[in-house]
Protein chains: 2
Amino acid sequence: MSTQETPRRATIADVARAAGVATSTASVVFSGKAKVAAATRERVLAAAAELGYAGPDPRAASLRRGRSGIVAVVLEGHLRAAFLDPVTTAMMDGLTDGLAELSAGILLLRDEPGEEGSALANAPVDAFVLIGCSGRTRASLEVVRGRGLPVVVIEGDAGDGIPRITLDNTEASADVARHLHDLGHRDVALVTLPLDTERERVAVTPDRVATATVDVTVDRLAGLREVFPDAPAISASGSLIDEGVLVGRMLLADAAARPTAVIAQSDLLAVGVIRAAEELGLRVPEDLSVAGFDGIAVDGLADLTLTTSVQPAVDKGRAAGEQVARMLRGEPGITQHLTCRFRAGTTTAAPAGR
Amino acid sequence: MSTQETPRRATIADVARAAGVATSTASVVFSGKAKVAAATRERVLAAAAELGYAGPDPRAASLRRGRSGIVAVVLEGHLRAAFLDPVTTAMMDGLTDGLAELSAGILLLRDEPGEEGSALANAPVDAFVLIGCSGRTRASLEVVRGRGLPVVVIEGDAGDGIPRITLDNTEASADVARHLHDLGHRDVALVTLPLDTERERVAVTPDRVATATVDVTVDRLAGLREVFPDAPAISASGSLIDEGVLVGRMLLADAAARPTAVIAQSDLLAVGVIRAAEELGLRVPEDLSVAGFDGIAVDGLADLTLTTSVQPAVDKGRAAGEQVARMLRGEPGITQHLTCRFRAGTTTAAPAGR
DNA sequence: TTGTACGCGTTATCAT
DNA sequence: ATGATAACGCGTACAA
């Protein structure tokens with residue numbers, strides 16, 4: 001239009017000058033922090049439009065305010081792996097909720113410490129949410145702590161005074177096990193989540209458990225062992241339906257040594273086991289009871305309702321978000337313990353008399 | 001230790017003063033942009049440690065550099081819905097790859113325009129990646145464009161000179177249809193993705209198609225119609241296995257009017273259809289051929305390999321990331337057309353002679 | 001209601 | 001190799 005092509009983008013000072021007002025007035029027009037005469041506002045807005053000024057530069061505003069409006073979520077491993085897990089996505093959903101009052105954005109960060117130019121160290125964020133950081137390297141945690149920003153840990157332990165969001169994994173697992181025991185099952189097999197970052201599909205021996213690094217797996221196993229101390233167990237290489245199918249086949253292949261029930265540490269694994277059972281012509285729950293953990297809406301289960309322990313995945317995220325909000329308000333963050341709720345479904349029943 | 005408790009965090013100026021060097025020198029120690037005598041570096045680092053200085057404030061650095069190291073990814077609807085879709089997650093994976101050279105973080109943003117304090121308008125980001133923005137409100141796009149930052153659109157059209165990453169949805173769909181036609185199928189039913197944001201599960205009529213707003217659905221349908229102009233079609237309410245089951249039941253319920261093949265517009269829907277078929281005692285592919293679209297690794301398909309068109313989901317993301325990187329380097333972004341590759345699987349075969 | 005002036009913490013430039 | 005200085009663009013006391 002009438003403007004020359006300028007070498008640099010217009011600033012609020014340019015707008016103010018063009019509108020014939022002070023920069024502070026122009027600033028207020030955009031922030032709305034004070035009342036401005038309608039006529040003045042109009043002039044400022046017109047000048048802004050004329051200059052192609054699209055509002056305050058967020059970078060400068062961040063510096064000035066001391067806030068960027070961004071919260072970092074630190075995940076282990078590839079983003080893809082993280083979001084393949086429905087529990088994680090549900091949690092992220094809750095997190096956006098909990099963060100809503102801050103209208104903060106969520107910056108996805110991978111847990112890759114060490115590097116100098118690491119985003120972990122240099123991202124302009126206001127707070128950190130660490131997820132499942134059991135196997136997390138100390139270095140990574142140090143970087144985050146060193147920044148002196150609010151930190152919340154979901155299902156993990158960052159030591160010291162860092163607020164956590166935890167789950168009663170052990171108790172909830174015991175509940176599931178007890179349900180099957182009450183139904184009369186004595187011959188039960190277990191399918192666990194990975195024991196460590198190796199993610200090997202192996203028989204779970206006491207030795208392996210001793211060196212396991214994934215807290216969730218160990219905690220849930222402890223609960224199951226309270227009821228079935230000697231049940232055979234296989235650790236899956238991940239929480240996937242197809243992985244459950246593979247492990248299910250291993251457990252059910254031998255008709256003679258077949259358990260009457262299988263307890264999996266995740267719903268996805270449980271669905272896989274059910275599918276493996278169906279392959280073998282076993283009916284669930286008549287011939288085999290199957291229970292899971294998580295209580296997610298499993299896509300692909302059709303009419304069956306899985307017996308499981310429903311974890312408050314969304315609440316986990318929301319609670320974390322709320323703690324972040326608190327801490328950014330200057331209040332101390334507090335650790336919150338969330339509990340799972342047992343849900344009897346249609347995939348478990350009394351064992352068939354033999 | 002020896003430091004008094006200070007009201008504010010130490011700045012690089014404090015560190016420089018304590019170390020007896022200029023702030024610029026201290027700055028260089030942290031940025032590594034120039035050579036510094038080892039002894040000097042040591043002194044600066046020591047002073048920093050003493051003062052608890054954890055490195056430059058990213059907000060200030062962003063302002064000064066004019067870069068925040070963050071790229072915004074704008075998704076439609078809830079984050080959860082987005083990440084439930086394996087294609088999206090794969091794409092995000094590729095995006096992180098493509099962005100790797102920038103070592104930029106990814107800021108997840110929802111497409112919610114209008115609001116004044118919207119993150120879309122105020123987030124300190126260096127560029128935008130818009131995903132599947134077919135139904136996107138013009139307002140949202142305006143906000144983004146107004147910021148004058150690099151923008152790349154994946155499978156959508158933002159008009160003007162905005163670089164896009166596109167897919168040959170129509171041609172690829174035609175390939176799938178042709179495969180079934182070549183096998184001898186004449187009685188084929190179609191399962192489409194949602195037509196619009198209403199996401200209703202309805203019969204696809206020409207009227208509905210005319211008012212459809214989701215480009216992907218329309219484009220793929222066009223390809224299928226090239227080969228099967230009159231095939232009955234139902235639009236699913238989403239790309240989910242269970243949704244495929246529901247639609248599959250609708251299509252297969254009536255044994256008399258049963259098609260010999262079903263083409264779904266996504267692999268998840270196809271898996272659902274297969275499951276519906278199995279429920280009805282139909283064997284795939286002997287009694288029913290089923291084809292999908294996407295070529296993702298579907299969890300829960302067990303031994304079958306889906307006949308499908310493999311879309312370069314990861315490449316889509318990577319390409320977008322690379323364009324962003326280019327544009328941030330000052331080079332013009334270029335539109336890239338990616339192509340799908342047909343994959344014959346074990347879920348399609350010649351129709352049983354009747 | 002509007003304007004002035006300063007500082008947020010850093011880094012790039014230039015000179016030494 | 002190191003230092004002085006000037007922006008970067010904005011928000012907000014404070015004064016008028």
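A, B, ... follow the sequence lines: proteins, then strands. Residue 1 opens every chain. Only this structure's heavy atoms are used, side chains among them; waters, hydrogens and symmetry mates stay out.
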Colleague: What is the nucleic acid contact for A/Leu63, judged by heavy atoms within less than 4.0 Å: base, sugar-phosphate only, or nothing?
Modeller: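 Base contact.
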Colleague: Can you check the B/Ile12 CD1 to D/dG3 C1' distance for me, whole Å?
Modeller: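 Computing the B/Ile12:CD1 to D/dG3:C1' distance gives 14 Å.
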Colleague: In residues 14-24 of chain B, which ones come under 4.0 Å of DNA chain D, going by heavy atoms?
Modeller: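 Those residues are B/Gly20, B/Val21, B/Ala22, B/Ser24.
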Colleague: Which heavy-atom pair separates B/Thr40 from B/Val36 by the least distance, and what is that distance?
Modeller: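 Heavy-atom minimum between the residues: CB-CG1, 3.8 Å.
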Colleague: If we check side-chain contact (heavy atoms from CB on, under 4.5 Å) with A/Val125, which of these qualifies: A/Val71, A/Val73, A/Leu149?
Modeller: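 Result for side-chain contact (heavy atoms from CB on, under 4.5 Å) with A/Val125: A/Leu149.
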Colleague: Restricting to side chain to side chain donor-acceptor pair (under 3.5 Å), what partner residues turn up for B/Thr23, sequence neighbours left out?
Modeller: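 Result, side chain to side chain donor-acceptor pair (under 3.5 Å) vs B/Thr23: none returned.
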Colleague: Taking any atom under 4.0 angstrom from a heavy atom of chain B, which nucleotides of DNA chain C are the first and last to qualify, 5' to 3'?
Modeller: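 Range of nucleotides touched by chain B: C/dG9 to C/dA12.
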Colleague: Could you say whether B/Lys35 or B/Ala60 is positioned toward the 5' end of DNA chain D, judged by the nucleotide with the nearest heavy atom to each?
Modeller: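 In this pair, the answer is B/Lys35.
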Colleague: Looking at residues at least two apart in the chain, or sitting in another chain, which of them share a salt bridge (Lys or Arg N to Asp or Glu O under 4.0 Å) with B/Arg65?
Modeller: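 Checked B/Arg65 against salt bridge (Lys or Arg N to Asp or Glu O under 4.0 Å); zero matches.
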Colleague: Can you list the residues that meet the side-chain contact (heavy atoms from CB on, under 4.5 Å) rule with B/Thr11, with sequence neighbours excluded?
Modeller: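 So B/Thr11 forms a side-chain contact (heavy atoms from CB on, under 4.5 Å) with B/Arg8, B/Ala13, B/Asp14.
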Colleague: Can you list the residues that meet the salt bridge (Lys or Arg N to Asp or Glu O under 4.0 Å) rule with B/Arg59, with sequence neighbours excluded?
Modeller: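 Only A/Asp126, B/Asp57 meet the salt bridge (Lys or Arg N to Asp or Glu O under 4.0 Å) criterion with B/Arg59.
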Colleague: Which atom pairs, donor and acceptor, lie under 3.5 Å between side-chain atoms of residues 317-328 of chain A and protein residues at least two apart or in another chain?
Modeller:
unit_1   : atom_1 : unit_2   : atom_2 : d
A/Arg318 : NH1    : A/Asp97  : OD2    : 2.7
A/Arg318 : NH2    : A/Asp315 : OD1    : 3.1
A/Gln323 : OE1    : A/Ile334 : N      : 2.8
A/Arg326 : NE     : A/Pro332 : O      : 3.2
A/Arg326 : NH1    : A/Glu331 : OE1    : 3.4
A/Arg326 : NH2    : A/Pro332 : O      : 2.9

Colleague: Hey, does B/Thr40 reach any base, or is it just sugar-phosphate, or nothing, if we go heavy atoms under 4.0 Å?
Modeller: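 Sugar-phosphate contact only.
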Colleague: What is the distance from NZ of B/Lys33 to P of D/dT2, rounded to the nearest Å?
Modeller: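 Value for this atom pair: 19 Å.
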Colleague: Quick test of your reading: applying salt bridge (Lys or Arg N to Asp or Glu O under 4.0 Å), list the pairs with at least one residue in residues 29-47 of chain A, sequence neighbours left out, ordered by first then second residue.
Modeller: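 Every pair satisfying salt bridge (Lys or Arg N to Asp or Glu O under 4.0 Å) with a residue in residues 29-47 of chain A: there are none.
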Colleague: How large an angle, rounded to 10°, do the end axes of the helix from C/dT1-D/dA16 to C/dT16-D/dA1 enclose when each is built from five base pairs?
Modeller: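 Here the local axes at opposite ends form an angle of 30°.
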Colleague: What residues form a side chain to side chain donor-acceptor pair (under 3.5 Å) with B/Ser62, not counting sequence neighbours?
Modeller: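 Scan of B/Ser62 (side chain to side chain donor-acceptor pair (under 3.5 Å), adjacent residues dropped) gives none.
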Colleague: For A/Tyr53, give me all partners under ring-ring contact (aromatic ring centres under 6.0 Å, His included), at least two apart in sequence or on another chain.
Modeller: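 For A/Tyr53 the ring-ring contact (aromatic ring centres under 6.0 Å, His included) partners, ignoring immediate neighbours, are A/Phe30.
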Colleague: Please identify each residue that fulfils side chain to side chain donor-acceptor pair (under 3.5 Å) with A/Thr96, with sequence neighbours left out.
Modeller: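 For A/Thr96, no residue satisfies side chain to side chain donor-acceptor pair (under 3.5 Å) once neighbours in sequence are set aside.
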Colleague: Need one value for A/Val28: base, sugar-phosphate or nothing, where a base atom within 4.0 Å counts as base even if backbone is also close, heavy atoms only.
Modeller: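 Here A/Val28 touches no strand at all.
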Colleague: Write down the distance between CZ (B/Arg64) and P (D/dA7), rounded to a whole number of angstrom.
Modeller: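 Value for this atom pair: 10 Å.
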